[in-house]
Each structure stands twice: as C-alpha cells, then as structure tokens.
Amino acid sequence: MTSATGIPDKPALEGLEAAWGPVWEREGTHRFDRAAALEAGKASVFSVDTPPPTASGSLHIGHVFSYTHMDLAARFQRMRGRHLFYPMGWDDNGLPTERRVQNYYGVRCDPTLPYVPGYVPPLEGGENASSKAADQVPISRRNFIELCEKLTAEDEKQFEALWRDLGLSVDWSLTYRTIGHEAQLAAQRAFLRNLARGEAYQADAPTLWDVTFRTAVAQAELEDKDQPAAYHRVSFHRPDGGTVDIETTRPELLPACVALVAHPDDERYQALFGTTVTTPLFGVEVPVLAHHLAQKDKGSGIAMVCTFGDVTDVVWWRELDLPTRAIIGKDGRILEDAPAADLFSEAGRAAYGELIGKTVFSAKAKVVELLKESGELVGDPKPITHPVKFYEKGDKPLEIVSTRQWYIANGARDAALRDRLLEAGNQIGFHPDFMRVRYDNWVGGLTGDWLISRQRFFGVPLPIWYPLDADGEVLREQPIVPGEHQLPVDPASTPAPGYDESQRGLPNGFVGELDIMDTWATSSLTPQIAGGWETDPELFDLVFPYSLRSQGQDIIRTWLFSTVLRAELEHHSIPWTNAGISGFIVDPDRKKMSKSKGNVVTPAAMLEEHGSDAVRYWAASSRLGTDAAFDPQNPKQMKIGRRLAIKVLNAAKFVYSFPEPPSGAVITAPLDLDMLAELDAVVGIATAAYEEYDHARALEATEQFFWTFCDDYLELVKERAYAGDGSATRSLREAIDVLLRLLAPVLPFATEEVWRWTHDGSIHLAPWPEVRGAGATLGLLPAVSEALIGIRRAKTDAKASQKTEVLSATLSGPAFLAGAADDLKAVGRIAQLTLVEATEIAVTDIVLAEAPVE
RNA sequence: GGGCUCUUAGCUCAGUUGGUUAGAGCGCCACGUUUACACCGUGGAUGCCGGGGGUUCGAGUCCCUCAGGGCCCACCA
C-alpha cells in the first residue's frame, strides 16, 4: 500500500498518468481476484468481453471513445464491489496484419518457397515502402508468419501503453492474441465441434472473391462502393437472322455467357423463350429463358447471364441449372483456357486469344473494340454510376469465382436456428435498446451460411487433412480430423493422424488443408478464449455468460452476431447479458471521420495535450449509441473535462486545508444537512444511471452538483470552516469523499491523486457511495444560492468588487432561510441582514459600502 | 425500395411517465486579481423546440404528415 501523501501546494494534472499507472500495476488494483470471486460466487463477478483491436491498424479517436465507455461501466461495477474480469485481447491474425507486414518489410508470401532461417527482410520500418507487389520480395510462409508475429508484438506493446495511459482498468495479466495459442486452441476446437454436429461443412460453389488478396470473403465483409461503369448495348443473333439486344456493364464476360433471361410476362420476349441465340464475337449458342427475377424496365428487359457477373447470375445459374463457363481466374485475369472454347466460332477463338491474361479492365476495353469492329455494339456505351460489391478492405471490385470453401451454418438456411438466434438477441440487454434492431435485421437478412475459409497465410489453420486415393486424387469428402488433445495443429506442417510426414502428397497418403479461418471465426470466440473454455472450467463457469460486451455499432453484423452464433451453437446460451454499443465519431461536417482525410490526431498526442482525464471526460459525456462530433482543430470538450479535473484537485485541496473536524463533530447546521441531502439524491441518480449504462447522465448529475458545491456551498461555509466549525468541516470532508468517488470512473487520475492525500489504498477499490436515505431536502442550498446571486448581482451592477461590504440588505423568502442567514452574511460581507418571510426569494434594499474593505 | 436514428440558443448537447416562465457548457458581452483555483471568479444577453395538421384543460414531449441530415440493409443486367 502506498501511504497517504502530502497535499502539494499547486496540484496539477501533468504527470498523474505516469505517477498512478505503475502504482495500480504494483498494487494489483485492477487484478481479477479469482479466489475471492470463487468464494463470493458467480453473481459477484462482472465480466467484460473486450473488443480486441486490430493490432496492425492504428488506434484512433473512435477507439478511445468506445473503450472509455466500457471502462466507465467496469470501474463503476468494481466500486460496487463486483469482482472485475476485464481482459484485453489483440486481434493480430488476418489480412490487415499480412498487408501491413508486406508494406512494412517489403515482402510477400509465396507458400511454395522454402523456409530461410535467420531471414532478414529488405526493409525495416518501411512505412513508405512500395506497396506494389512487384517490388516485394517473395518469402516462404513460415518466414512470412515470423515477420507477422514480430511486427504485431511491437504494435501490441504500443497499444498497451496507450490503453494504460488512457487509464483503462484492464487486468493486464489477462491478455490474449487472436493468433496466440489459446485462441488457436479455442478456434480449432469450436470448429471441430461445429463439424461434428454438422454445423460446419464444405461446399464447392460460386464465391465472392477478392482478386487482390486472392481470397474468398464473407457476406459480412462486403461493402458497396459507387463505381463508374457503362451500359453497352450488344446484339445477340437469332437463328432467323434477327438480333436480340441486351445491355450489359460487363461486356468482357461475353465468353462466359450461358443464357439470356427475361421476365416470363414480358411480351417482347415471350416468343423467344425456349429458342436459342448465338453470342456476339464468340458465336456460342445459348438458350433464352424466363425467370421472375428479370426486370422488364432494366436495360432492354432481357439480361445476359454469365458465370459469374453478379449474385443474380448465381441465382439464375443455380435455379435454371445452367452450365459453368467461368473465364476469370483467382488473380482477376482472363483464364488461358475458356471452358466454352470448343463452342467458340473461329473468330471467337481468335478474339478470346486477345483477352487471355488481361485484367477485367483491359479485357473490357478489348471486347468493346472488337464489338465495334464487328458491328455488334449498338450505339455508344452509356456511362452510369452504380454500386458494386467490394471487400471492405479491398480496392478492386469482387469477382465471383467457383471454389471449394468451408462454411458454418448461421441460420440463413435454417429457420429454427434463425429463430433461436433472434431469441438470443431478445435476451441480451442492448444499450441503447434500438441497436437490437440492427442485429435482428442482419439475422433476418442473411442470404447464405457463413464462409469461414480464407486462402491466406497468417491465421488459424483449419484443422483438417484429406486422404489421397491410390491415384493421388484428394478425397475431399472424407476429411481427417485431429483429436482435441492434439490442438492446436497446423496441418501444413503436421502429418494427419495415422500417417507419416513422408506420405504427404503421395498416392494413398494425405494432404493438409491449406486454408485458414477468417479472423472473425476466431474473434467470435473471444468470451471462450479469454475465459478459459475447456482449459479452465472453473474460470469459465465463473465468467460465462459475460456481464458486458462493449463494441462499436459498425461491427454488429460481424463481431456481435458471430459471437452470439458461436455461443448458441456451442453452449445454447447467450454470450453476455448486456451489449453496450458506442456510436462513432463524426467530424464537424457530420461525416463519419475517416483516416484518409488527414485531419486525424493520434490518441497519444491527444492524451499528451489534454490529459487522460480530460479525454475520458469527453468520451463520457456522450451517451452510448450516440455519434459524437469531434473537431480536432477545436477540442472544446477536452478543455471542459480538463477544467473539471483541475477543479477537483483545487477544491479538494481547499477542503483539506481547513482544520480537521474535531472527533465527535456532529453536523448540525441546516445548510450542511441540506447540502448532504442533495448530494444523497445525486448519488441515487448517478447510481441508477450507471446501472443502466447511462454514464453520461451520471456524469451530468454529478458534475452539476459538484459545481454548485464549489461555487455556492463552499463559498457559503468558508468563513465557518476557517473558524473550525465542526459541522462545516465534517460536511465538507464527507461531501468531497462522496464526490471524488462519484467522479472516479470518469477522472481516475485526478480523483486517485486527491484520494491518496487522505486515504491509504486506491479510490478505485473504495466502495461506491451508498444512498443513505437522507430524505427530502428543504432546498436550502439552491435558495441561499439564489439569494447570494442577488447580492453578487448588486455588486456586479455597481461595478464593484465582490469584496465590497454590504452595509445592509433585506432578504425575503421562506422562513427556513434563517438557518443559513449567518452563512449568507459571511460570504456576502453583509453587516446587517433583515429577514422578511415571503414565498419568493429576493434580496432588496442593498446598501453597498463606498469601497472594498481591505 | 425497407428499417433505425436525429432535427431544441451562434456551436456541442440535456430535457424522465405530457404539467408553471424550455436548460447546461462553450462562445459572446460586462465586471472583478476575493487567504482553493487566471488552466480563475461573478453577473448578463441569446430560442417559430425543422414545417404543417391532430389529440388534450395543457404538447419540445403523444399521433399523422412533409422536409432535411446520418447510419444499416436490399437492389447491382
């Protein structure tokens, strides 16, 4: 224990972070006391499922905002006597890390290369390194992963330092990494159990594909972006020599065309249904079919179906049982061998030859050129802007490629599961409540199961092998799984159970699955990872379901949903009883603040400039779910918080400067009793607000009272306090003790500094103030304050100093004002005060002395 | 196209189940260096509560409608 320290002459906010952070660490202030929690029982635990920030990204103001909200709830509960289980994770697995490593070290992964021990990358800290793939040195998968681990470890150190500076009351002994051993174990175990129950399965199907990262992506990771495009009117040829014109934005997919589709009711095309037409340039015969999804008013009303231009093509392809003639490879370039090549006309083969190896973009230009030459392009392309699906982290449109992938059932194709998930959502307390709608909408709108496999390198491997038959064919439908005791396992470097490594890739041998799991497949298990699921049952029982999930609203469809899903599948339980959803930060123009704008102030610089308490105050003054405007050029809210924190230091110093109340001092003065009764009411409001995760309301009520306490009460009792009046000095100390604790969640540094002047031990482990039921107040403090304002106004109007003596004045108001008449006389420097009973409070007949009394 | 959310002072926002004369902070104006605080104090001015209609004794609050922001989802020929 750090013993009580002296009260400094000039208390300051500077240096409090550096002073108290290490003390909290040394004293274990934020440590989860498992033994005590076990003793007190599960109900005594408050467990927090913390969002693991993406380690390779940078923390921004939005993180500070939402992590502070979480910390406010945690600190409140800790002071309420709950045992806090408050871990922190780092999401260091996945694509953002890979991308950052590529740029930082100037390398890229090529799994076919051998491992080079002691490899030294071409760049170190090359933030401005070229991101052009051509300039990046190919290295082995193992070398690549080593670099990933190295870089994320560095990032995580910086993140932890920032969070400590911000004063997050995380138990830093409870950290995890989503690429770490525990996370891999939990992710693989959960997957194997999904597989055993039939919830995980593999399927060969058209998949949304990012050509830059060369991986499949899931529905939850999609983002629409408006893109320029053009309608190209193109003529197909009827057997009778006539033409059918279609409009397409993707003429380069003509060689992948498998049909034309129009609406069954469309009279213009009814005669064509059941006939065939031939494609322009390539001369492939394709059927004209009817389908209700075709829209009469779009383009020419008849659409070309290609494998695959968009998700509607996939629907048509599936429902009309069309052939697959894909021409786009996983690298986004036109394949060398077109599946329909033998159907092409002579000219078509020549045309296709000119497309091979081209990107979609250049292939399009080439096809348009050829169509113009052949006269099959009608008119000029009409430029449009339309939404196109992108991977949220990518910058090229997604293609649809047919691949074999792993999925987890998410209710999209299973009404019973979907209902269970909706019911789970109902059981969770969303804060604010309307955020549940976003969850419901997402669950209700799912169009397919969750695609969890990724064709990447840095992530948790799918723990699967496949046998090879005597001909060396991979038997995909007979996956080999490890026992749970073998986990975590990397099938790329460990042989399948029952096989020797020498049999890898050989007939009658085995191959390891190379795909890894999507990062959400791991982070959907954060409660299980942090809580020791299956590895520490005692702990898991204590903390699961968690008390609180805290997160941003932008990841309801990903993290929140997937966590509910995994908990439902594995435990038939909700993962947490409450979900606190923070809004996001908008810039002064009401636009979502984006990193690209360049006006981003780093959190570290902000904490440095304003102080952590000030930044926390800013976050705390916004309610959950509400977007907060933030102008980095003019951070007013920070200044207000800073002012409050400084005021706390000074007011407390002032209070403690009065003589200590004599032992046995009793609070008798009406004004003192009334002030404490008001404070009691504030405790009630703040407590109820925090219990509802309404930290902003708690802060507002507390802050409002605190300023009244300083500006009015403190002024009114000054004279009595100087004189050593026990009622006043005791009241002041009791009040400041309560106020400090009410403010402790928001201003952990300033309140701790002050608390330790007179207490051993941390304020953050002090009990939250109790409502004492002090009863209704007379309203004496506000009434006297009003009278005081009258006196002050008279002096201000007279342009006189507040020190000016009042020779005489008349105070009218309720009779109870008499109880504070002496206090009013003292602070107002009133020589003679006459009391007149009235319902309205007013100070009249004020006669000021000529000059201030020195 | 569907859903959610917001619109209150110049700015950022409170405003509970409808209830006197609608609040706070910032900013602005004036005054004041008072034995906690100049990173200060005191006082003051500031409103078609987005528009329109309705319910009610009474509407910032409830209902309808229109307009405008923001977000999510859907659509992508």
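Letters go in sequence order (proteins before strands), and every chain restarts at 1. All values reported here derive from a predicted model rather than from experimental measurement.
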- So which heavy atom on Cys257(A) is nearest to which on Cys306(A), and how close? CA-SG, 4.0 Å
- Note on the structure: Here the distance between atom P of C71(B) and atom CD of Glu223(A), to the nearest Å, is 12 Å
- Could you run through nucleotides 37-46 of chain B and give me one letter per nucleotide, 5' to 3': B if any protein heavy atom sits under 4.0 Å from the base, S if only the sugar-phosphate is that close, - if neither? BSBSSBSS--
- Treat primed atoms plus P, OP1 and OP2 as sugar-phosphate and everything else as base, then score nucleotides 14-23 of chain B 5' to 3': B for base contact with protein heavy atoms under 4.0 Å, S for sugar-phosphate contact only, - for none. SSB-------
- Are Arg642(A) and Glu609(A) close enough for a salt bridge, meaning some N to O gap below 4.0 Å? no
- Item | Base-paired stems in RNA chain B, each at least three Watson-Crick or G-U pairs under 3.5 Å | B:1-7 with B:67-73, B:10-13 with B:23-26, B:28-32 with B:40-44, B:50-54 with B:62-66
Review item, nucleotides 61-64 of chain B N/O atoms under 3.5 Å of protein N/O:
none

- Query: Taking the six-membered ring of Trp707(A), is the NZ or CZ of Arg643(A) close enough (under 6.0 Å from the centre) and on axis enough (within 45°)?
  - Reply: yes
- Message: For Arg233(A), is there an ion pair with Asp245(A) - N to carboxylate O distance below 4.0 angstrom?
- Response: yes
- Message: Tell me whether the rings of His695(A) and His69(A) are parallel (<30°), tilted (30 to 60°) or perpendicular (>60°).
- Response: parallel
- Calculate, to the nearest 0.5 Å, the distance between atoms CG and CZ belonging to Leu649(A) and Phe749(A) respectively. 13.0 Å
- Test side-chain contact (heavy atoms from CB on, under 4.5 Å) applied to Ile789(A) - qualifying residues, sequence neighbours left out: Arg793(A)
- Message: Taking 4.0 Å as the cut-off, does a side-chain nitrogen or oxygen of Arg557(A) come that near to OP1 or OP2 on C73(B)?
- Response: yes
- In terms of ring plane angle, is the pair Trp317(A) and Phe308(A) parallel, tilted or perpendicular, where the classes change at 30° and 60°? perpendicular
- Message: Please classify the nucleic acid contact of Gln295(A) as base, sugar-phosphate, or nothing, using heavy-atom distances under 4.0 Å.
- Response: base
- Item | Qualifying salt bridge (Lys or Arg N to Asp or Glu O under 4.0 Å) pairs with a residue from residues 698-723 of chain A, counting only residues at least two apart or across chains | Asp672(A)-Arg720(A), Asp712(A)-Arg792(A), Glu715(A)-Lys718(A), Arg720(A)-Asp725(A), Arg720(A)-Asp823(A)
- Item | Flag side-chain contact, heavy atom, 4.5 Å: Ser300(A) against Tyr231(A) | no
- Describe the nucleic acid contact of Cys710(A) in one word from base, sugar-phosphate, nothing, applying a heavy-atom distance below 4.0 Å. base
